[in-house]
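To start, the structure itself, in structure tokens.
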Amino acid sequence: MRYSKFLIPTLREDPAEAEVASHRLMLRAGMIRKLAAGIYSTLPLGERVIKKTAQIVREEMNRAGALEVTLPFVQPAELWQESGRWNVYGKEMLRLKDRNDREFCLGPTHEEVITNLVKGVISSYKQLPVNLYQIHTKFRDEIRPRFGVMRAREFIMKDAYSFDTDEEGAEKSYRHMYDAYCRIFERLGLKFRAVEADTGPIGGNFSHEFMVLADTGEDVIVACSNCDYAANMEKAEIKPPDDPEKNNIDLKKTERVETPNIKTVDEVTAFLRVSPSKLIKTLVFSCDDGHIVALVRGDHEINEVKLRNFIGCDNVLLADEDLVEELTHAPRGFAGPVGLKDVKIIADFGLKGGTNFVSGGNEKDIHIMNVNFDRDFSVTRFGDIRCAGDGDPCPRCGQVLETKRGIEVGHIFKLGTKYSRSMNATYLDPGGEPNHMVMGCYGIGIGRTAAAAIEQSHDENGIIFPESIAPFSVLVLPVDTTEKIQMEIAEKIYRELTAGGIDVLLDDRDERPGIKFKDADMIGVPLRLTVGRNAVKGNNVDIKSRKTGEIRQVPVEDAVSAVVESLGESS
RNA sequence: CGGGGCGUAGCGCAGUCUGGCAGCGCACCUGGUUUGGGACCAGGGGGUCGGAGGUUCAAAUCCUCUCGCCCCGACCA
């Protein structure tokens, strides 16, 4: 490709709207332009990156035996009413009506469509298992789109759906996809980690998220420093502490203290001069059947998902001011376990064995010191209900857990028979009996993956693309296009590399060298081959690695083979 | 949805408080000098100042309403 015939509208300055690196750089490199909040056009350079990313995903899906299809983007309401999700899926689903007033939505996901399709074309166990996928546009009306294509409303996703005859087959399909995903992210050259995820209301035994590690990631993951346990924050477990020895020796007498308008953990610890770990945080939640009270140490954070799973409720919501007051007879900030009646109290096991805590007094401007379990109040159950943090013990091996930030680029789910039941997708088994198909679903955000790659690999001069998804493998840069000899050498190298099947960009613009070098850095092409006066006088060209900055001088006649060799090394 | 901020040329911004010619830098076009890390000189084009209504002799500027965008939070198969 010739630069002069291509379109790369780079920006000299940072756009005001972009905060994170990938968003800023994708705009500056001329890959994307915004049309509306969370809605982007992809320009030629961005298109090449997206296509390459998608192609790797496609190749690995095909290799894993999945079959590519294209499913409709506009979907009729009836389908969603059949699965029961029309009323469940909230405002994230963009709904619209056609000219006859029939209701439709823009597909935020495709379980309904695929289940409907498979139901119609598969009727026998002999046709199973099957795994169908597409690489296609999704629309989710996100509450807050941000970070460019990282969290966009309209985006490209690879979504695959597996159908098996039984649980065992479904697990096999799941593991197969897990392996395929690992290959995909390895080929893309990303540092990633597969983490266990909460399955949410769908249920089932497993779900994994594939997280690209990046400090700017929106998600926190918890990983063991010793074994391979890794989970997202919602799911991450903590090893239960050993049962402590009973000792009632140093239980001090409780003491009511006045704490005027002192509410938060920070305020209380400062006011009473105690460490946050000596505080009991008392949180009231409303759940399916009424309300419950959860206790965690002052220096710990409650994990609502873990709490929800622990008590076995579908919904758990932090109570509003009114409920807190009704239950504790005190404004928010003074709740405590002592004296609470007719309510289940769930305590995090991090509190186990501790003594002489400080808690709210269930009275305005009052806290109680030297509060102790059993003596002053009783707990319904202890459990693992707090967020794991740095230093907590690993649930598998007991070693230290660490937190890292990541970008969720892939998610795999075992769906079970949720959709095949609600939409009645069955096959006939060898005995002629109808059975529900067992499903799995597997997503990868294509644009987000490309953005994550940039997030993970850039510097102050621009993007540093991994070879696998770089828009071009080499940039041939004649310094002065008005110099005949330089141009002839550049053109010849360009022709030969192109003939060798390499994606080459020839910067044939009559621009000053500084501009051409800056643009080369910005768009992140892995190798830059500079043809300048050295080529004319000394018969040498410079080959520069975008990643390392290393420059090699190579005789003109060896330039093509040197490039081919370098590309081979990095892949 | 709550809180904060911003809408002025393709991009980045000043001008708004205190009403009085719509500006600056970059980008773009023409000519010239330049050419190994974002050149210089000269000339030029480009704006319903987000929109509607109001106040005023006069509105980018003041008032009312409205739309959009960004950030923080809540939410999220």
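Excluded from the calculations below are hydrogen atoms, water molecules and symmetry mates; all remaining heavy atoms, backbone and side chain alike, are included. Below, chains carry the letters A, B, ... as their sequence lines are ordered, and counting in each starts from 1. From a predicted model like this one, the values you see are computed outputs, not experimental measurements.
Across all strands shown, G43(B) forms a Watson-Crick or G-U wobble pair, both distances under 3.5 Å, with C29(B). Pairing partner, C62(B): G54(B), with both Watson-Crick or wobble hydrogen-bond distances short of 3.5 Å.
Evaluation of atom-type donor-acceptor distances gives a pair under 3.5 Å for the side chain of R140(A) against the base of A77(B). Donor-acceptor pairing under 3.5 Å, judged by distance alone, is absent between the side chain of D480(A) and the base of G36(B).
Whole-Å rounding puts the K516(A) NZ to A39(B) P distance at 13 Å. For I143(A) and C70(B), the CD1 to P distance is 15 Å, given to the nearest whole Å.
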Could you list all N or O pairs between the protein and nucleotides 42-52 of chain B that sit under 3.5 Å apart?
none

Considering only distance and modelled atom types, tabulate donor-acceptor pairs under 3.5 Å from the side chains of residues 27-38 of chain A, sequence neighbours left out.
unit_1: R28(A); atom_1: NE; unit_2: L11(A); atom_2: O; d: 3.0
unit_1: R28(A); atom_1: NH1; unit_2: D14(A); atom_2: OD1; d: 3.1
unit_1: R28(A); atom_1: NH2; unit_2: L11(A); atom_2: O; d: 3.4
unit_1: R28(A); atom_1: NH2; unit_2: R12(A); atom_2: O; d: 2.9

Side-chain donor-acceptor distances from residues 138-145 of chain A under 3.5 Å, at least two apart:
unit_1: K138(A); atom_1: NZ; unit_2: H110(A); atom_2: ND1; d: 2.9
unit_1: K138(A); atom_1: NZ; unit_2: D159(A); atom_2: OD1; d: 3.2
unit_1: K138(A); atom_1: NZ; unit_2: D159(A); atom_2: OD2; d: 3.0
unit_1: R140(A); atom_1: NE; unit_2: P108(A); atom_2: O; d: 2.8
unit_1: R140(A); atom_1: NH2; unit_2: P108(A); atom_2: O; d: 2.9
unit_1: D141(A); atom_1: OD1; unit_2: R153(A); atom_2: NH1; d: 2.9
unit_1: E142(A); atom_1: OE1; unit_2: R151(A); atom_2: NH1; d: 2.9

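Among the protein residues, M157(A) comes within range of the nucleic acid bases, having at least one heavy atom under 4.0 Å from a base atom. Among the protein residues, E19(A) comes within range of the sugar-phosphate backbone only, with heavy atoms under 4.0 Å from sugar or phosphate atoms but none that close to a base.
Sorted by first and then second residue, the pairs that involve residues 481-494 of chain A and meet salt bridge (Lys or Arg N to Asp or Glu O under 4.0 Å), not counting sequence neighbours, are R2(A)-E491(A), K492(A)-E496(A). Judged as a side chain to side chain donor-acceptor pair (under 3.5 Å), the pairs with a partner in residues 37-46 of chain A (not counting sequence neighbours) are, in order, H23(A)-Y40(A). Sorted by first and then second residue, the side chain to side chain donor-acceptor pair (under 3.5 Å) pairs with a member in residues 526-537 of chain A read R528(A)-T530(A); sequence neighbours excluded.
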Quiz item: What does nucleotides 5-12 of chain B look like as a protein-contact string, B for base, S for sugar-phosphate only, - for none, at under 4.0 angstrom between heavy atoms?
Solution: ------BS
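In the region residues 544-558 of chain A, proximity to RNA chain B at under 4.0 angstrom, judged on heavy atoms, holds for K544(A).
For D459(A), the side chain to side chain donor-acceptor pair (under 3.5 Å) partners two or more places apart in sequence, or in a different chain, are R546(A). Remark: H300(A) pairs with no residue by the ring-ring contact (aromatic ring centres under 6.0 Å, His included) rule, at least two apart or across chains. Scored by the salt bridge (Lys or Arg N to Asp or Glu O under 4.0 Å) test, E237(A) finds no partners at all (sequence neighbours excluded). For F73(A), the ring-ring contact (aromatic ring centres under 6.0 Å, His included) test picks out no residue, with sequence neighbours left out.
Not one N or O on the side chain of Q553(A) forms a donor-acceptor pair closer than 3.5 Å with the backbone of N540(A).
Side chain to side chain, Y419(A) and R85(A) meet the donor-acceptor criterion of an N or O pair below 3.5 Å.
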